[in-house]
Structure formats: structure tokens, C-alpha cells
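Because the structure is predicted, anything quoted here is derived from the model rather than measured. Order of the sequence lines sets the chain letters (A, B, ...), proteins ahead of strands, with each chain counted from 1.
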Amino acid sequence: MLSMDLFRNQVDKIREDHNKRGLSHESIDRVLALDEEWKGALKEMENSRRERNLAAKGIAEAKKTGDVATSEKIMSDVKNLGEVISALDKKANSLLEERDKIRMSIPNLLHNAVPVGEDEGGNTQHSLHGVKPDFSFEPRTHNELIEMNKWVDLERAAKIAGSRFFFLKGDLARLEMALQSYAVDFLVNRGFTFVQPPVMMNRPAYEGVTDLSDFETVMYGITPDPLYMIATSEHPLTAMYMDEVIEPSLLPIKMVGVSACFRREVGAHGLSDRGIWRVHQFTKIEQIVISHPDESWDHHEDLLQNCVDLWDELGLHYEVVNICTGDMGTVAARKYDLEAWLPGANAFKEIVSCSNCTDYQANRLRMRYRTSDGNAAVHTLNSTAVATSRALVAIMEQNQLEDGRVTVPNCLVSMMGGKTHLEPCKW
RNA sequence: GCGGCGAUCGCAUAGCCUGGCCAUUGCGUCGGAUUGCUAAUCCGAUGGGUGUUCCCGCGGGGGUUCGAAUCCCCCUCGCCGCGCCA
């Protein structure tokens with residue numbers, strides 16, 4: 001959410017941003033109009049309140065001196081003031097609510113370096129990493145590999161849970177766990193604190209971190225409790241300091257979170273989504289930084305560098321992409337994606353998303369830090385380290401051998417009990 | 001799940017019984033002053049807001065009242081005990 005200060009004093013910045021995104025200015029104008037209306041209503045209410053406060057003082061004084069006549073006169077004069085105030089209060093509140101409802105839907109201001117484009121076709125390559133694998137045979141898709149090696153059971157998962165769920169078995173399941181340990185160790189060594197979050201959140205906290213439309217298309221609601229399954233540990237970890245004033249000496253707060261992630265994936269279909277690429281439940285290791293506003297762009301580059309180093313060590317071929325204006329979403333001000341090369345699909349596909357959300361989530365969450373000049377919003381950043389199901393797909397497809405076995409990345413061998421290749425599962 | 005107790009500005013606290021001055025005090029943090037002593041002392045600031053001599057704010061929501069941190073009801077969370085339990 002953009003601060004009201006921005007609307008009142010620098011609205012041209014918001015307008016320029018909307019032009020870049022190709023959005024109409026209707027919402028901006030509506031926020032400004034409602035803000036003026038709200039100010040008017042509030043002024044009216046405050047005047048009545050002041051009147052009541054003065055009267056209350058008069059009554060107190062009169063009663064002290066035993067002046068019954070005066071106190072009773074004032075009391076009858078202001079008897080209906082309470083109702084007037086509560087009516088004005090209601091009016092002001094509904095205007096404020098309406099203003100902020102619209103404000104919630106207005107996207108974050110983009111960083112200047114974000115390329116302008118209508119959709120994902122406008123994304124630009126930032127850098128290319130690793131070596132494209134060269135096969136002496138026709139490489140298999142990950143779907144073929146998990147089937148021939150019996151590493152994943154989609155049918156039985158569908159039977160007991162539904163489509164897009166999976167059982168992970170044997171060496172591939174073990175590799176999944178190795179990836180978790182590897183990624184956590186990697187980031188702990190770079191000064192991040194390992195945090196395991198709740199996997200359910202209440203609505204008020206959730207509204208602080210995500211686009212409102214996500215409640216319809218992304219999150220699972222829990223019955224009968226008013227909770228939502230998290231779509232990523234970014235959400236609980238970012239909301240962790242909701243409604244708090246953070247001591248500046250604590251900044252930056254750097255966390256590496258691991259959790260199961262749950263996504264409804266409404267509307268997602270297609271051949272490319274089969275297997276374990278797009279699923280309702282997967283595990284993700286996530287980097288989170290809560291930062292001083294002046295340092296967030298440096299942290300954003302650090303988060304990307306951590307990903308690059310981590311994925312280089314896995315020995316994979318991938319590219320880093322600058323996400324363009326049309327593909328950005330509401331929360332991030334700038335975003336890099338890592339896209340891994342999938343030989344089976346003959347394409348680069350998204351495995352990591354690295355965002356600086358500046359003060360957008362912090363404003364919604366009322367997450368501030370103390371300054372000599374009052375409290376100010378912090379900045380929040382998040383980046384995937386490893387989404388294990390997608391990392392497994394990339395490793396399987398890039399490291400496959402002609403017989404269908406898969407070479408374990410060197411950095412994971414020790415966590416696989418010395419095993420250098422994934423062997424088929426017997427059943 | 002049951003019973004008891006609680007929630008006050010970054011933290012800790014007073015005020016609540018008995019409704020009415022500016023929500024008290026300590027600590028921490030920040031700013032300033034001063035002094036030769038690894039620092040001390042003094043002063044100031046330190047929840048939010050459209051109108052900043054004003055208004056709001058005492059976990060959230062409702063109610064009573066001319067007036068609620070204070071009285072009543074509901075909810076949330078926490079602590080203690082009991083029950084259940086991986």
C-alpha cells in the first residue's frame with residue numbers, strides 16, 4: 001500500500017507509474033477525492049468532540065463547586081451531542097474505509113530500471129549462467145524420468161487428495177531433503193537466521209502481505225477456523241513484525257525460512273504443468289530481509305547474488321531475467337526471476353523469484369522502525385532460495401543419463417550418504 | 001475443553017474498587033547542553049492524525065452515561081491449574 005503522504009504530496013509519481021504500467025488514473029483520483037471528503041467529515045466530527053469535551057469539563061467544575069443548576073443546564077444542552085458524534089464518526093469511518101480499500105488495490109511504485117513491457121514477453125535477460133548440457137541421446141522430460149524410476153506417485157496422491165498432489169519416493173525424496181539442508185546451511189553461512197514459521201495465517205495478517213485477489217485464486221481457506229494455508233513462508237516471515245516498531249539496531253533482519261507451501265493454482269492447466277512442476281503443495285526455502293529503506297536496493301542485489309552462487313554450486317544452466325512492468329504484480333517494486341534450462345521442454349522455466357517490495361507491505365502491516373524524526377516504514381524483501389519440486393525437475397532434466405539415472409550435484413553428495421546417482425525405486 | 005487471573009505509548013509500571021485535571025513513573029533510544037576522566041550529570045523529544053493552543057489512542061468490538069483506561073456484555077490473545085494429547 002502506498003502511503004497517503006505520497007498521494008497528497010507527490011501524486012505525479014504515482015501517475016507516471018500508472019502510465020508505465022498502462023493503467024487508468026481512475027483509482028488515484030478516487031483516493032484523492034475520498035481523502036478530501038474524509039478530511040471534511042473528520043473536521044466536522046472533531047468540532048463536535050471538542051464541544052463535548054469542553055462541556056464535560058464545565059460539568060465537572062460545576063459539580064465540584066456544588067453548582068447543580070449550571071451542571072444540569074450544560075448536561076441538557078449537550079445531551080444529544082453523543083449521537084451527533086457517533087453519526088459523524090460512522091460517516092468519516094466509512095469514507096476512510098472506502099479510500100483505503102481502493103488504495104490497497106493500487107500497485108507499488110516501480111524502480112526506474114524496470115523494463116517497460118505489456119506482458120512476460122517484455123522481460124529482458126539480465127545474465128546467463130552455467131553451461132547448456134549437451135546430450136548424446138534424446139533427453140527425457142522429467143515426467144518420463146519420474147515415471148520410469150518410480151520416484152513420484154501422482155495417481156495414488158490424486159486418489160487420496162486430488163490432482164496436483166504427489167508422493168515423493170526413494171532417492172528423489174532423499175535428494176529433496178538434501179536440497180533443504182544444503183540451502184539452509186548455505187544461507188546460515190551468509191548471516192541469515194533459520195526460522196520455521198506457522199503454515200497458517202489469519203486474514204488481517206495475510207492482507208498485509210499479498211494481493212487481495214490471491215484470496216480467490218491462490219490461498220486455501222481453513223474450515224471452520226478463519227485461517228489460510230500459507231502460499232510461501234515469505235508471508236508469515238514478512239508479517240512477523242506486524243504492528244511493531246523495530247529498534248533500528250536490529251536492522252537488517254535476515255531470515256531463511258523453510259516451509260510447505262500451499263497453492264490452489266486455480267485456472268492452471270496444460271501439458272507443461274504436468275508432473276511435479278506445478279503442484280498444490282511443495283517445500284520452499286526462502287530468503288527474507290527486513291531492511292532500513294536506504295539499504296534495501298543493496299540487499300536486493302545481495303539476495304540475487306546468493307541465488308546465483310547457490311545455483312552455480314548446484315551446477316545448473318539458467319538465466320536471470322528482469323521482470324517488466326506488465327509482468328510485475330502489485331507488491332514488488334523490482335523483481336528478478338531465475339529460469340532454469342529444461343532440456344525436456346527445450347525452454348527456460350521459472351525456478352526463483354527475487355523481489356524488493358520497498359515499503360508496500362510494511363505500510364499495510366504497520367511495520368516501522370524508530371528514527372529521531374518519528375517512526376518510518378521499513379522495507380521488505382523476499383527471494384526464493386530453492387523451491388524443491390522445481391529444483392528436482394531442473395536437476396533431473398539437466399543431469400539425466402541415457403539409462404534414466406540422474407547424477408547428484410557434487411555439493412549434495414555428502415548429504416546423500418555419498419551417493420552419486422539417483423537409482424530407480426523398486427515399487 | 002473447563003476454572004482462575006490478566007492485557008495501559010519501544011520495554012516495564014501507576015491509575016480501575018469510588019467514571020470528570022494534561023494517562024503516572026522508571027528504563028531504553030534519539031537530540032541538545034555541560035564537565036578532563038572508559039563516563040557522569042542536566043534539559044528536551046520519543047503512539048496516531050485532517051485543521052497540531054485541536055482531535056483520537058489504555059488488546060478488539062459493542063453497550064450504559066452529559067462524560068469511560070475506569071462500569072456492563074461479547075471476542076481475541078497471554079499466564080496458572082485441571083483435562084486431553086504427537
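Across all strands shown, rG47(B) forms a Watson-Crick or G-U wobble pair, both distances under 3.5 Å, with rC56(B). Under the Watson-Crick and G-U wobble criteria, each requiring two contacts below 3.5 Å, nucleotide rG19(B) is left unpaired. Under the Watson-Crick and G-U wobble criteria, each requiring two contacts below 3.5 Å, nucleotide rG10(B) is paired to rC27(B). Pairing for rC85(B) is absent, judged as Watson-Crick or G-U wobble with the two contacts each under 3.5 Å. The nucleotide rU41(B) finds its pairing partner in rA33(B), both defining distances of the Watson-Crick or G-U wobble pair being shorter than 3.5 Å.
Of the residues near RNA chain B, Asp35(A) and Ile74(A), the one whose nearest nucleotide (by heavy atom distance) lies more toward the 5' end is Asp35(A). Both Pro248(A) and Gly40(A) lie near RNA chain B, and the one whose nearest nucleotide falls closer to the 5' end is Pro248(A).
Under the 4.0 Å criterion applied to side-chain N and carboxylate O atoms, Arg15(A) and Asp29(A) are assigned as salt-bridge partners. At a threshold of 4.0 Å, the pair Glu207(A)-Arg203(A) counts as salt-bridged, since one of the basic side-chain nitrogens sits closer than that to a carboxylate oxygen. A salt bridge is defined here as a Lys NZ or Arg NE, NH1 or NH2 lying under 4.0 Å from an Asp or Glu carboxylate O, and Glu36(A) with Lys39(A) meets this definition. The pair Lys20(A)-Asp17(A) fails the salt-bridge criterion, with no side-chain N (NZ, NE, NH1 or NH2) lying under 4.0 Å from an Asp/Glu carboxylate O. With respect to Arg278(A) and Glu265(A), a salt bridge is recorded, a charged nitrogen being found less than 4.0 Å from a carboxylate O.
Gln305(A) and Glu301(A) share no side-chain donor-acceptor pair at under 3.5 Å.
Taking each heavy atom of Cys324(A) and Val114(A) in turn, the nearest pair found is C-CG1, 3.9 Å.
Taking atom CG on Asp100(A) and atom C1' on rG48(B), their separation rounds to 14 Å, with Å as the unit. Going from atom CG of Asp243(A) over to atom P of rG48(B) covers 13 Å, rounded to whole Å. Counting to the nearest Å, the C1' atom of rG47(B) and the CZ atom of Arg366(A) are 13 Å from each other. Distance Glu83(A) CD to rG63(B) P: 11 Å, rounded to the nearest Å. Rounded to whole angstrom, the span from the CG atom of Asn93(A) across to the P atom of rG60(B) amounts to 14 Å. For the pair Met242(A) CE and rG59(B) P, the interatomic distance rounds to 17 Å; values are reported in whole Å. Distance, Lys39(A) NZ to rG49(B) P: 13 Å, rounded to whole Å. Taking atom NZ of Lys90(A) as the reference point, atom C1' of rC56(B) lies 18 Å away to the nearest angstrom.
Distance check on atom P: rC54(B) versus rA23(B) gives 11 Å, rounded to whole Å. On the C1' atoms, rG48(B) is 36 Å away from rA40(B), given to the nearest whole Å. Nucleotides rG4(B) and rU8(B) place their C1' atoms 22 Å apart, quoted to the nearest Å. Between the P atoms of rG15(B) and rU25(B), the separation comes to 14 Å (whole Å). The gap from the P atom of rG20(B) to that of rG83(B) amounts to 44 Å, rounded to the nearest Å. Rounded to a whole angstrom, the distance from the P atom of rC71(B) to that of rC77(B) is 23 Å. Rounded to the nearest Å, the gap between the C1' atom of rC55(B) and that of rG59(B) is 22 Å. Taking the P atoms as reference points, rC56(B) lies 39 Å from rU41(B), given to the whole Å.
Sequence neighbours left out, the pairs with a member in residues 190-199 of chain A that pass salt bridge (Lys or Arg N to Asp or Glu O under 4.0 Å) are Arg190(A)-Asp309(A).
Residues from residues 47-58 of chain A lying near RNA chain B, meaning a heavy-atom separation below 4.0 Å, are Asn47(A), Arg49(A), Arg50(A), Arg52(A), Asn53(A), Ala56(A), Lys57(A) in numerical order.
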Checklist entry - Hey, mind stepping through Asn19(A) and His25(A) against side-chain contact (heavy atoms from CB on, under 4.5 Å) and telling me if it holds? => result CA-CA 8 Å; Asn19(A) 292 342; His25(A) 292 199; 2.8 Å; yes
Checklist entry - Going through the distances and angles, do Thr70(A) and Lys73(A) end up as a side-chain contact (heavy atoms from CB on, under 4.5 Å)? => result CA-CA 5 Å; Thr70(A) 302; Lys73(A) 178 175 186 311; 5.7 Å; no
Checklist entry - Should Trp297(A) and Thr358(A) be marked as a side-chain contact (heavy atoms from CB on, under 4.5 Å) after you check the CA-CA gap, both sets of side-chain angles, and the distance that decides it? => result CA-CA 9 Å; Trp297(A) 292 109; Thr358(A) 60; 3.8 Å; yes
N/O contacts under 3.5 Å, protein versus nucleotides 8-12 of chain B?
| residue | atom | partner | partner atom | Å |
| --- | --- | --- | --- | --- |
| rG10(B) | O4' | Arg370(A) | NH2 | 2.5 |
| rG10(B) | N9 | Arg370(A) | NH2 | 3.3 |

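Taking syn as a glycosidic angle within 90° of 0, rU64(B) does not qualify and is anti.
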